[in-house]
Amino acid sequence: MEELRFERFTVDAADDLDARAADWIRACEQGFYGQDPDEASIGRSLESKRARGSVLTGVYDDAQAPPSLTAVWPVATFEEFAGEITLAPGRSLPAHLISDVTVRATHRRRGILRRMMTESLDRAQQAGRPIAALTVSEGSIYGRFGFSPAAFAQTVRVAVRDGLGLRADVRRTLESSGLRVVAVHPRDMEAIHDAVVVSFHSATPGSIDRLYGDRQRVTGRWGGDEGGPVKDLRAYACLAGDGTPLGFATAKFSGWKDDPRRLEITDLMAADPMAELALWEHLGAHDLVGELTWGGARTDDALSWALANPRDLRTEKRTDSLWVRVLDVPAVLEARSYAGQGTFRIEVSDPQGRIEGAWRVDVADGAAAVRADEAPAPDTVSTDAETLASLVTGAIEPWQAAGLGRLRGDETVLGLVRALWTNEVRPLSATFF
């Protein structure tokens, strides 16, 4: 790769467009088959990256000449910034977040992605970030770097012909909760969004803290992919009796020609299950709307159990919403929750060598103390870096991993790990980056 030039830079804070960063945005959009962005869209993208302190990597091929785009724009892009992930209620860790990874088709299979990813993970470990995370457009790329699915979401359609068809006992519980849902102008949503995010993020395994762009989209200032202001966004807040925000939702009307006519939920968040149900109930009460759709629902969502006819809810698609890579085994294992008490030893293989080793895990009172332990012992389970990444968020259960041969040990220690390594709720990430 002698002819390729790797540059790392941040976004210039000047009022004028940062020309190098603007070309990086254009190359990234092309890599994801997006439209050629105008200056306003580029400005919003750069504003977002500046706000989250992103460091951009651009790879340039100086051997090319115009009119080839390769002579003007980078042939590969890579973004990294600091964030936070929750692994158990009330327990969060610094995270190394990765985004906007592209390599031009003309420059594939030249080791560009491997170099960008390897150097980025090196920087993450040097900075003391115990876990890395990304969202993916192609699921077969990142396993070789030790990433694995860590949270899932599903797309649901809910029939609301005459409102949300709740069971009588559920409706009584909702009506006695004291919760109320109010319509809010999107421009007034930022403080409500931020208040709900604090409680949701703290309570939800797999949650990535929200970003600058999320606040702009929930207020309608930006559309998807940093588009311009949205004029047809509706916003709602679920409030406790004292006015405390417990949840919010945004939605758009699909149009009069659709049958059934739909409200398409664009964002919905609540740390309290009853607050989430209150939002669903309010959205379903809109006149002339026969269906609600939402692409970010929990895979363990309780809504179908609240319905008199569970078939009013249909699941269409399940997708991975987050991938993670463990970079510090003790820090990550100590950040998740456990049940009961007991001790086991875990061996981790890692083709990259980042977390290769063995550790003793002592569990008591729902927490673990973890220390290096290289001495072989019969109470050992073994796994690999990818499987560990999914285990720590609860995306895969120990019994599933063991049944697939991805978690190994004798039945006694596997039984202990299954008992200790519990997950009260499935992980969920409501932040796309």
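Along the sequence shown, the residues carry numbers beginning at 1.
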Could you give me the CA-CA distance, side-chain angles and deciding distance for Ser148 and Ser390, then say whether side chain to side chain donor-acceptor pair (under 3.5 Å) is met?
-> CA-CA 6 Å; Ser148 187; Ser390 295; 2.6 Å; yes
Residue pair Leu246, Leu239: steps toward the side-chain contact (heavy atoms from CB on, under 4.5 Å) verdict = CA-CA 6 Å; Leu246 299 180; Leu239 308 177; over 6 Å; no
When you look at Arg114 and Glu119, which way does the salt bridge (charged side-chain N to carboxylate O under 4.0 Å, His left out) test go after all the steps?
-> CA-CA 8 Å; Arg114 179 166 294 279; Glu119 292 181 354; over 6 Å; no
Chi angles and distances behind the ring pair (Phe, Tyr, Trp, His ring centres under 6.0 Å) call for Trp24, Tyr60 = CA-CA 10 Å; Trp24 188 100; Tyr60 302 85; over 10 Å; no
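The side-chain heavy atoms of His282 and Val182, taken from C-beta on, include no pair separated by under 4.5 Å. Leu333 places a side-chain heavy atom less than 4.5 Å from the side chain of Tyr338. Contact annotation: the side chain of Thr173 never approaches that of Val170 to less than 4.5 Å [non-hydrogen atoms, C-beta and beyond].
Salt bridge Arg157/Glu264: absent, no basic N to carboxylate O contact under 4.0 Å. Using a cutoff of 4.0 Å between basic side-chain nitrogens and carboxylate oxygens, Arg354 and Glu356 are not scored as salt-bridged. Contact check on Asp287 versus Arg261 returns no salt bridge, with no Lys/Arg side-chain nitrogen under 4.0 Å from an Asp/Glu carboxylate oxygen. A salt bridge does not link Asp169 to Arg172: none of the charged side-chain nitrogens sits closer than 4.0 Å to a carboxylate oxygen. We find that Arg161 and Glu291 are not joined by a salt bridge, their nearest charged nitrogen and carboxylate oxygen being 4.0 Å or further apart.
Heavy-atom contacts from other residues, nucleotides or ligands closer than 6.0 Å to CZ of Arg167 number 12 or fewer. Residue-environment remark: CD (Gln341) stays at or below the threshold of 12 foreign heavy atoms within 6.0 Å. The environment of CD in Gln35 is sparse: at most 12 heavy-atom neighbours from other residues, nucleotides or ligands sit within 6.0 Å. More than 12 heavy atoms of other shown residues, nucleotides or ligands fall within 6.0 angstrom of atom CD in Gln400.
When all heavy atoms of Gln352 and Phe145 are compared, the pair lying nearest together is OE1-O, 3.3 Å. Here the closest non-hydrogen pair linking Arg345 and Ala358 is NH2-CB, 3.4 Å. A pairwise comparison of heavy atoms in Ala278 and Leu179 identifies CB-CD1, 4.4 Å as the closest pair. When all heavy atoms are compared, the tightest approach of Gly394 to Asn423 is CA-OD1, 3.5 Å. The two residues Ala237 and Val184 have their closest heavy-atom pair at CB-CG2, 3.9 Å. The shortest non-hydrogen separation linking Ile112 to Val59 is CG2-CG2, 4.0 Å.
Applying the ring pair (Phe, Tyr, Trp, His ring centres under 6.0 Å) criterion to Phe432, with sequence neighbours excluded, gives no partner residue. Checked against side chain to side chain donor-acceptor pair (under 3.5 Å), Thr219 has the following partners two or more places apart in sequence or in another chain: Arg221. With sequence neighbours left out, the ring pair (Phe, Tyr, Trp, His ring centres under 6.0 Å) criterion links Phe78 to no other residue. Contacts of His185 classified as ring pair (Phe, Tyr, Trp, His ring centres under 6.0 Å), with partners at least two apart in sequence or in another chain: none. Scanning for side chain to side chain donor-acceptor pair (under 3.5 Å) contacts around Ser177 gives an empty result, with sequence neighbours left out. Residues satisfying the ring pair (Phe, Tyr, Trp, His ring centres under 6.0 Å) criterion with His193, sequence neighbours excluded, are Phe248. Evaluation of the side chain to side chain donor-acceptor pair (under 3.5 Å) rule for Ser321 yields no partner, not counting sequence neighbours.
Listed by first and then second residue, the salt bridge (charged side-chain N to carboxylate O under 4.0 Å, His left out) pairs that reach into residues 88-108 are Lys49-Asp100, sequence neighbours excluded. For residues 234-250, no pair satisfies salt bridge (charged side-chain N to carboxylate O under 4.0 Å, His left out), with sequence neighbours left out. Annotation: salt bridge (charged side-chain N to carboxylate O under 4.0 Å, His left out) contacts involving residues 320-340, sequence neighbours excluded, comprise Arg325-Asp350. Applying the salt bridge (charged side-chain N to carboxylate O under 4.0 Å, His left out) definition to pairs two or more places apart or across chains, those involving residues 196-211 are Arg210-Asp267.
With Thr387 contributing its side chain and Asp384 its backbone, the two residues share no donor-acceptor pair below 3.5 Å. Between the side chain of Thr118 and the backbone N or O of Arg115, no donor-acceptor pair lies under 3.5 Å.
Side chain to side chain, Thr250 and Thr266 meet the donor-acceptor criterion of an N or O pair below 3.5 Å. Under 3.5 Å, the side chains of Ser207 and Ser429 contain no donor-acceptor pair of N or O atoms. Checking His201 against Glu84 by side-chain atom types alone, a donor-acceptor pair falls below 3.5 Å.
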Extract all donor-acceptor atom pairs below 3.5 Å that involve side chains of residues 298-311 and protein atoms in other chains or at least two apart in sequence.
from   : atom 1 : to     : atom 2 : distance (Å)
Asp300 : OD2    : Arg426 : N      : 2.9
Asp301 : OD1    : Leu303 : N      : 2.7
Asn309 : OD1    : Arg311 : N      : 3.0

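Under the 6.0 Å cut-off for aromatic ring centres, Tyr236 and His286 qualify, their centroids lying closer than that.
Seen from the ring of Phe344, Arg360 does not count as a face-on cation partner, given the 6.0 Å and 45° thresholds. Judged by a 6.0 Å distance limit and a 45° cone about the ring axis, Arg52 is positioned over the six-membered ring of Phe81.
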